[in-house]
Amino acid sequence: LLSEEQMEVFVRDGILVVENALTDEELEDISEKGLYSTLREEYGVDVNDLESTGHALQSLSSTNGSGGVLDIFFPDWKLKLATHSKLFQMTCQLW
(Lines give C-alpha, C1' and ligand atoms only; values in the text may rest on other atoms or scores of the structure.)
Protein backbone atom coordinates (compact mmCIF):
# COMPACT_ATOMS: atom_id res chain seq x y z
CA LEU A 1 0.00 0.00 0.00
CA LEU A 2 2.71 2.49 0.96
CA SER A 3 5.82 3.07 -1.13
CA GLU A 4 9.35 3.01 0.25
CA GLU A 5 9.47 6.77 -0.27
CA GLN A 6 6.31 7.28 1.81
CA MET A 7 7.73 5.16 4.62
CA GLU A 8 10.98 7.17 4.51
CA VAL A 9 8.99 10.41 4.75
CA PHE A 10 7.20 9.03 7.81
CA VAL A 11 10.44 7.99 9.48
CA ARG A 12 12.02 11.37 8.70
CA ASP A 13 9.06 13.62 9.54
CA GLY A 14 7.02 11.55 12.01
CA ILE A 15 3.86 12.09 9.98
CA LEU A 16 2.60 10.98 6.59
CA VAL A 17 -0.29 12.34 4.55
CA VAL A 18 -1.64 9.66 2.20
CA GLU A 19 -3.85 11.02 -0.56
CA ASN A 20 -6.99 9.00 -1.36
CA ALA A 21 -6.51 6.48 1.47
CA LEU A 22 -10.29 6.54 1.99
CA THR A 23 -13.08 6.77 -0.57
CA ASP A 24 -15.15 9.95 -0.86
CA GLU A 25 -18.07 8.10 0.74
CA GLU A 26 -15.96 6.96 3.69
CA LEU A 27 -14.61 10.46 4.22
CA GLU A 28 -18.06 11.99 4.07
CA ASP A 29 -19.42 9.47 6.58
CA ILE A 30 -16.55 10.03 8.99
CA SER A 31 -16.45 13.79 8.61
CA GLU A 32 -20.18 14.12 9.18
CA LYS A 33 -19.75 12.35 12.51
CA GLY A 34 -17.22 14.85 13.78
CA LEU A 35 -13.66 14.05 12.71
CA TYR A 36 -12.92 17.45 11.22
CA SER A 37 -14.50 19.41 14.05
CA THR A 38 -12.86 17.24 16.73
CA LEU A 39 -9.43 17.60 15.16
CA ARG A 40 -9.86 21.36 14.73
CA GLU A 41 -11.55 22.21 18.02
CA GLU A 42 -9.80 19.82 20.40
CA TYR A 43 -6.37 19.42 18.81
CA GLY A 44 -5.79 22.45 16.57
CA VAL A 45 -5.47 20.44 13.36
CA ASP A 46 -6.93 22.02 10.22
CA VAL A 47 -7.50 19.26 7.66
CA ASN A 48 -7.29 21.88 4.92
CA ASP A 49 -3.87 23.03 6.13
CA LEU A 50 -2.04 19.91 7.32
CA GLU A 51 1.32 21.33 6.30
CA SER A 52 1.02 24.02 8.96
CA THR A 53 -1.11 22.24 11.56
CA GLY A 54 -0.44 18.50 11.01
CA HIS A 55 2.35 18.52 13.61
CA ALA A 56 -0.38 18.66 16.27
CA LEU A 57 -1.30 15.08 15.35
CA GLN A 58 1.94 14.01 17.02
CA SER A 59 0.42 14.83 20.40
CA LEU A 60 -2.37 12.33 19.70
CA SER A 61 0.03 9.45 19.22
CA SER A 62 0.74 6.99 22.00
CA THR A 63 4.41 7.17 20.94
CA ASN A 64 4.62 10.90 20.14
CA GLY A 65 4.38 10.34 16.41
CA SER A 66 6.88 7.53 15.99
CA GLY A 67 4.49 4.95 14.58
CA GLY A 68 2.08 4.43 17.45
CA VAL A 69 -1.67 4.30 17.27
CA LEU A 70 -3.48 7.62 17.44
CA ASP A 71 -5.23 7.99 20.78
CA ILE A 72 -8.56 9.17 19.34
CA PHE A 73 -10.72 6.08 19.67
CA PHE A 74 -14.11 6.95 21.12
CA PRO A 75 -16.92 7.72 20.07
CA ASP A 76 -18.08 5.32 17.35
CA TRP A 77 -16.91 7.36 14.35
CA LYS A 78 -13.37 7.38 15.77
CA LEU A 79 -13.38 3.64 16.32
CA LYS A 80 -14.70 3.08 12.78
CA LEU A 81 -11.84 5.15 11.39
CA ALA A 82 -9.24 3.48 13.62
CA THR A 83 -10.35 0.00 12.59
CA HIS A 84 -10.58 0.69 8.85
CA SER A 85 -8.72 -2.22 7.20
CA LYS A 86 -6.82 -0.17 4.59
CA LEU A 87 -5.63 2.33 7.20
CA PHE A 88 -4.71 -0.52 9.53
CA GLN A 89 -2.62 -2.15 6.80
CA MET A 90 -0.80 1.14 6.17
CA THR A 91 -0.13 1.51 9.88
CA CYS A 92 1.27 -2.03 10.00
CA GLN A 93 3.65 -1.17 7.16
CA LEU A 94 5.01 1.71 9.22
CA TRP A 95 5.67 -0.46 12.27
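Since we're looking at a predicted model, the values are computed, not measured.
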Interatomic distance, L27 atom CG to N20 atom CG [nearest 0.5 angstrom]: 8.5 Å
Where G44 and T53 come nearest, the two heavy atoms and their spacing: O-CB, 3.5 Å
Shared hydrophobic cluster for M7 and V9 (ILVMFWY, side-chain gaps under 4.5 Å): yes
Main-chain N/O of E25 paired to E28 side chain as donor or acceptor, under 3.5 Å: no
G54 to I15 - nearest heavy-atom pair and separation: O-CD1, 3.3 Å
Interatomic spacing from CG in N48 to CZ in R40 - rounded to 0.5 Å: 9.0 Å
Closest non-hydrogen atom pair, M90 against L2: O-CD1, 3.6 Å
Sidechain-backbone polar pair: Q6 side chain, S3 backbone, donor-acceptor under 3.5 Å: yes
Close side-chain approach of L1 and Q93, heavy atoms under 4.5 Å: yes
Worked check of side-chain contact (heavy atoms from CB on, under 4.5 Å) between H84 and L22: CA-CA 9 Å; H84 187 281; L22 300 172; 3.4 Å; yes
